[in-house]
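Read the structure below first, then the notes.
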Amino acid sequence: MDTEDQGESRAARFETYDCSGGCPVEAALEQISGKWKGLIVYHLLPGTLRFNALARALGDVTQRSLTKQLRELEADGIVHRKVYAEVPPRVEYSLTGKGQALRPVIEALAAWGAGPGS
């Protein structure tokens, strides 16, 4: 199954919830689960970043892992990827409206992670 087919099947899976009240939570967590996805969204909250700038912001991420996580976020409609037809090619990443809707969630996680009194 190619990446486009995976994206379509992933998106279709989250359109209906025919199970318990926890299904929307499961769907949301599946879309942002992964070692780097939350941090990718966090670093894209202020605005657009190029691939290498995002990699530097994340620190220890490998190019392969970052590419995979970005593709999954793009397939889920959270991240937008824009390729410029230049030499060398330039690729920029930004949050979609769906990605921006994660702002209060990511900010709440950041506050919770900082601990009390921070």
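This one's a predicted model, so the numbers in the text were calculated from it and none came from an experiment.
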If every non-hydrogen atom of S33 is compared with every non-hydrogen atom of K37, which pair is closest and at what distance? O-CD, 2.9 Å
Looking at D76, is its backbone amide N or carbonyl O close enough to the side chain of K98 to form a donor-acceptor pair, meaning the two atoms are under 3.5 Å apart? yes
Let me confirm one number: the CG-NZ distance from L58 to K35, rounded to the nearest 0.5 Å. 10.5 Å
Which atom names give the shortest non-hydrogen contact between Y84 and E92, and what distance separates them? OH-OE1, 3.0 Å
Rounded distance [0.5 Å steps], OG1 in T67 versus CD in E74: 11.0 Å
Report, as yes or no, whether the 6.0 Å neighbourhood of atom CD on E86 holds more than 12 heavy atoms from other residues, nucleotides or ligands. yes
What do the steps show when you test Q31 against L73 for side-chain contact (heavy atoms from CB on, under 4.5 Å), and what is the final call? CA-CA 7 Å; Q31 289 182 59; L73 287 167; over 6 Å; no
Does one hydrophobic cluster hold both V83 and F51, with members joined at side-chain heavy-atom distances below 4.5 Å? yes
Quick check: do L70 and L54 have side-chain heavy atoms less than 4.5 Å from each other? yes
So, for L45 and Q100, which heavy atoms are closest and what is the spacing to 0.1 Å? O-NE2, 3.8 Å
Identify the heavy atoms of L44 and Y93 that sit nearest to each other, and give their distance. CD2-O, 3.4 Å
When you group the ILVMFWY residues by side-chain heavy-atom contacts below 4.5 Å and let the links chain together, are W36 and V91 in the same group? yes
Could you give all pairs that pass the side-chain hydrogen bond (donor to acceptor under 3.5 Å, both in side chains) test and reach residues 43-53, with sequence neighbours left out? none
Taking the side chain as C-beta and beyond, is there a heavy-atom pair between L66 and I40 under 4.5 Å? yes
Heavy atoms, side chains only, cut-off 4.5 Å: are L95 and V79 in contact? yes
